[in-house]
Enquirer: 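Input: one structure, supplied below.
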2 protein chains.
Amino acid sequence: MARTRDDDTTRLDEAARAGWLYYVAGNTQEEIASKLGISRQAAQRLVSLSVTSGLVRVRLDHPIAACLELAERLKTRFDLRYAEVVPSDPTSASTTLGIAEACATEMERRLKQENPLVIAMGTGRTLKAAVENLPPMTCEHHRIVSLTGNIAPDGSASVYNVIFSMADQVKAPHYPMPLPVIVSTPEERRLLHRQTVVQSTLHLAAEAEVTFVGVGEIAANAPLLVDGFITPKEREELLAMGAVGEIVGWVFDARGRLIECAFNERVASAPIPSTETSEVIAVAMGPAKRSAIRAAAEGGLVNGLITDEATAERLLRN
Amino acid sequence: MARTRDDDTTRLDEAARAGWLYYVAGNTQEEIASKLGISRQAAQRLVSLSVTSGLVRVRLDHPIAACLELAERLKTRFDLRYAEVVPSDPTSASTTLGIAEACATEMERRLKQENPLVIAMGTGRTLKAAVENLPPMTCEHHRIVSLTGNIAPDGSASVYNVIFSMADQVKAPHYPMPLPVIVSTPEERRLLHRQTVVQSTLHLAAEAEVTFVGVGEIAANAPLLVDGFITPKEREELLAMGAVGEIVGWVFDARGRLIECAFNERVASAPIPSTETSEVIAVAMGPAKRSAIRAAAEGGLVNGLITDEATAERLLRN
DNA sequence: CTCTCGCTTGAGCATTTGTTCAATGGCGGG
DNA sequence: CCCGCCATTGAACAAATGCTCAAGCGAGAG
């Protein structure tokens, strides 16, 4: 019963083969079954395994005209170096569907580069979903650095810290930040940031050529609140000070300026890499995040954006 | 009724959108229909169009263990720099299924490189199928050069000359050879090769960093014969001299040595780029081509191979 | 204005795919 | 050695997909 590693791999191999016969060679599952000498159901199970285990990856080689146009307009309107718009699924309430895949594709593009890169990663649900869409690679020449601490308020490892799973998937050297995301006092932050490990990570982050970040809203279901990084009371205070969004914890107002407040002095994240030296790509969609995205783009906190059609349209409809 | 270009493109856009909703968002065709406000059949047609027009591309991120192992053994056995083995469809008689896709993927990988490359292309059915699998790209920094003339025996443009469709698809500067594949006399070849255009193409070909070629058999359904480049009588003569295969027209024997004969003196193709300076990748599969492939690999005419599992196994089973 | 041609449409049907469920059988524990 | 657990199997059914064909529609010719 103890399913050995070998069992697993041969099973995946067979799944890959079945998936190949199905998707590439265009066989029907019945044909596959007879070719591999198994029952139709077994074939169906293998094919289905090949998709659920992420072996097959479909890619749509078509810059859907409307999306392309929206992307162009976003670039002009917000003075971005990079913009990508994916089609919206009108009924899905997901805030990652589509952009996660697009973000993964973009990451993959960067990772395939020959010359060594420093890639900085933010945190959050969207990036997590994106990283899950990365194919296995070997990128020993790039370095991946985390902009945020990896310790959640309750002391556990933060679930949405993506650097480990990303580094694991693409086999790249990685530099996490072994400290909490939000600390108790500015003094504590100073202290923690003085550690050698943290110092080198902070320096590396400042050198990042490419940065991927999620964007959090402050109102409604603020990720900071949901994940217990702030209390409802703190949220109210932030809102009162005009906070509309947050990137790796740094809270900013509607014009995309970091708010000078007690909270931001307790954020232990690395500074968001400069848009002068780094491509800083925000990955976010959905009505709740709209004003946060707009602020970040308008204020020049980011110079790249991956979003969906509906959000893009609303961003442009001033 | 005259379907305008605009009609076509918007239709493709819709197809892309439907394909996206289907393959990426995982909608059922019925859901897509209601979301786009069309009938289920219409949705089905769009999805199917998105597939047949090559918009969706499935990719299998799994080096099937057996194939990987075969590839390794091929590399060792024939001293290759590059080998790729794709799974066989046991019942398909196709000589391109699988390797065309694999070849396209490999070409794409090269084309995505930042530093400018010279890519030399052979000719034939396999390469044609491969090129049809290339995604649209913009590669203005690479140069694609043809190793063969583009004029068929009957004076028409050779169907299997792939450089134009390839260059069109990937938007790269390209250098065809405006002359017949096989000329009547060695003198004619000298004369034609003296043209300035041809000269520069020949020089470029010699500089190629990467070369993709098909491999033709001489016995059975020799492409040279089928396409009218040689007569049945000539074929017999070549076989009598020990010919087993041919690359861009150059006929070679079982040990992979170009045969010194009247026919090879009439081949107007560029010389096959040296395996010292270029990666010369043969793309071929099938029992009929087996001895030709083995000869080419053994004789060092090529140092790369893309083939299928069954062929790989037979090549290794000495 | 009407007819014709050719393309598009959607209903209906055949095929393929996905899921459920009871039966099977291997394997460790008692 | 036997029991029971649990993963796996295939039959049967449900859902989704693909195909065919007759009808509809619109553009242009007469």
Side-chain angles (χ1 to χ4, degrees), chain A residues 1-60 62 65 87 89-92 94 97-98, chain B residues 1-60 62 65 87 89-92 94 97-98:
Chain A
M1 66 138 283
R3 176 157 277 299
T4 74
R5 142 81 87 142
D6 250 16
D7 272 357
D8 258 6
T9 44
T10 48
R11 196 166 164 73
L12 268 192
D13 288 352
E14 279 165 8
R17 171 171 301 251
W20 188 88
L21 288 166
Y22 189 67
Y23 289 106
V24 183
N27 282 288
T28 171
Q29 299 186 344
E30 213 137 10
E31 293 173 304
I32 297 174
S34 77
K35 281 173 194 181
L36 301 188
I38 54 182
S39 76
R40 186 184 71 76
Q41 281 88 336
Q44 131 78 3
R45 278 173 196 128
L46 283 180
V47 171
S48 138
L49 176 66
S50 78
V51 349
T52 55
S53 61
L55 259 39
V56 303
R57 183 168 304 273
V58 306
R59 156 177 150 195
L60 226 148
H62 186 87
D89 179 343
T91 59
S92 161
S94 163
L97 181 62
Chain B
M1 66 137 285
R3 178 158 275 297
T4 74
R5 141 82 89 142
D6 251 16
D7 272 357
D8 257 6
T9 45
T10 48
R11 195 165 165 73
L12 267 191
D13 288 352
E14 279 165 7
R17 172 171 301 251
W20 188 88
L21 288 166
Y22 189 67
Y23 290 105
V24 183
N27 282 287
T28 172
Q29 299 186 346
E30 215 137 8
E31 293 173 305
I32 297 173
S34 78
K35 281 175 193 179
L36 302 187
I38 54 183
S39 74
R40 186 184 70 75
Q41 283 86 340
Q44 131 79 3
R45 275 173 198 127
L46 284 180
V47 172
S48 139
L49 177 66
S50 78
V51 175
T52 57
S53 62
L55 258 42
V56 302
R57 184 168 305 272
V58 305
R59 152 180 151 193
L60 225 148
H62 187 87
D89 180 343
T91 60
S92 162
S94 162
L97 180 63

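Here the structure is a predicted model, which is why all the values come from computation and not from measurement. The chains referred to below are lettered A, B, ... by the order of the sequence lines, with proteins before strands, and numbering in each begins at 1. We use all heavy atoms of the structure for the numbers below, so side chains are in, but hydrogens, waters and symmetry mates are not.
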Enquirer: Applying salt bridge (charged side-chain N to carboxylate O under 4.0 Å, His left out), which residue pairs with at least one partner in residues 19-30 of chain B are found, sequence neighbours left out?
Expert: none

Enquirer: Give the rounded distance in Å between these two atoms: CZ of B:R40 and C1' of D:dC19.
Expert: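 Rounded to whole Å, this separation is 10 Å.
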
Enquirer: On a heavy-atom basis, which atom in A:Y23 and which in A:S50 lie closest, and how many Å separate them?
Expert: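 Scanning both residues completely, I find the closest heavy atoms to be CE1-OG, 4.4 Å.
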
Enquirer: Rounded off to whole Å, could you give me the CZ-to-P distance for the A:R45 and C:dT16 pair?
Expert: 19 Å

Enquirer: Among A:D13, A:L49, A:L12, which residue meets the side chain to side chain contact (heavy atoms under 4.5 Å, CB included) test with A:L55?
Expert: A:L12

Enquirer: Rounded to the Å, how far apart are A:I32 CD1 and C:dT16 C1'?
Expert: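 It is 12 Å, rounded to the nearest whole Å.
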
Enquirer: What is the minimum heavy-atom distance between B:L46 and B:A15, and which atoms define it?
Expert: O-CB, 3.6 Å

Enquirer: Distance check: side-chain N/O of B:T28 vs OP1/OP2 of D:dT17, anything under 4.0 Å?
Expert: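 Checking D:dT17 against B:T28, a side-chain N or O does come within under 4.0 Å of OP1 or OP2.
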
Enquirer: When the distance from CG of B:N27 to C1' of D:dA16 is rounded to whole Å, what number comes out?
Expert: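 Distance check: B:N27 CG to D:dA16 C1' gives 13 Å.
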
Enquirer: Provide, to the nearest angstrom, the distance between the CG atom belonging to B:L46 and the P atom belonging to D:dG18.
Expert: 12 Å

Enquirer: Quick one: A:I38 CD1 to C:dT17 P, roughly how many Å, whole number?
Expert: 13 Å

Enquirer: For A:Q44 and C:dG18, is the shortest distance between a side-chain N/O and OP1 or OP2 below 4.0 Å?
Expert: yes

Enquirer: Would you indicate, yes or no, if C:dT16 has its OP1 or OP2 atom less than 4.0 angstrom from a side-chain nitrogen or oxygen of A:Y22?
Expert: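 No, because none of the side-chain N or O atoms of A:Y22 sits under 4.0 Å from OP1 or OP2 of C:dT16.
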
Enquirer: Please state whether the phosphate of D:dT20, meaning OP1 or OP2, lies under 4.0 angstrom from any side-chain nitrogen or oxygen of B:Q41.
Expert: no

Enquirer: Rounded off to whole Å, could you give me the CD-to-P distance for the A:Q29 and D:dA15 pair?
Expert: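 These atoms are roughly 18 Å apart.
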
Enquirer: Between A:S39 and D:dG10, is there a contact of a side-chain N or O with OP1 or OP2 at under 4.0 Å?
Expert: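 Yes, A:S39 has a side-chain N/O under 4.0 Å of OP1/OP2 on D:dG10.
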
Enquirer: Quick one: A:L49 CG to D:dT9 P, roughly how many Å, whole number?
Expert: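 Spelled out: CG on A:L49 to P on D:dT9 is 12 Å.
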
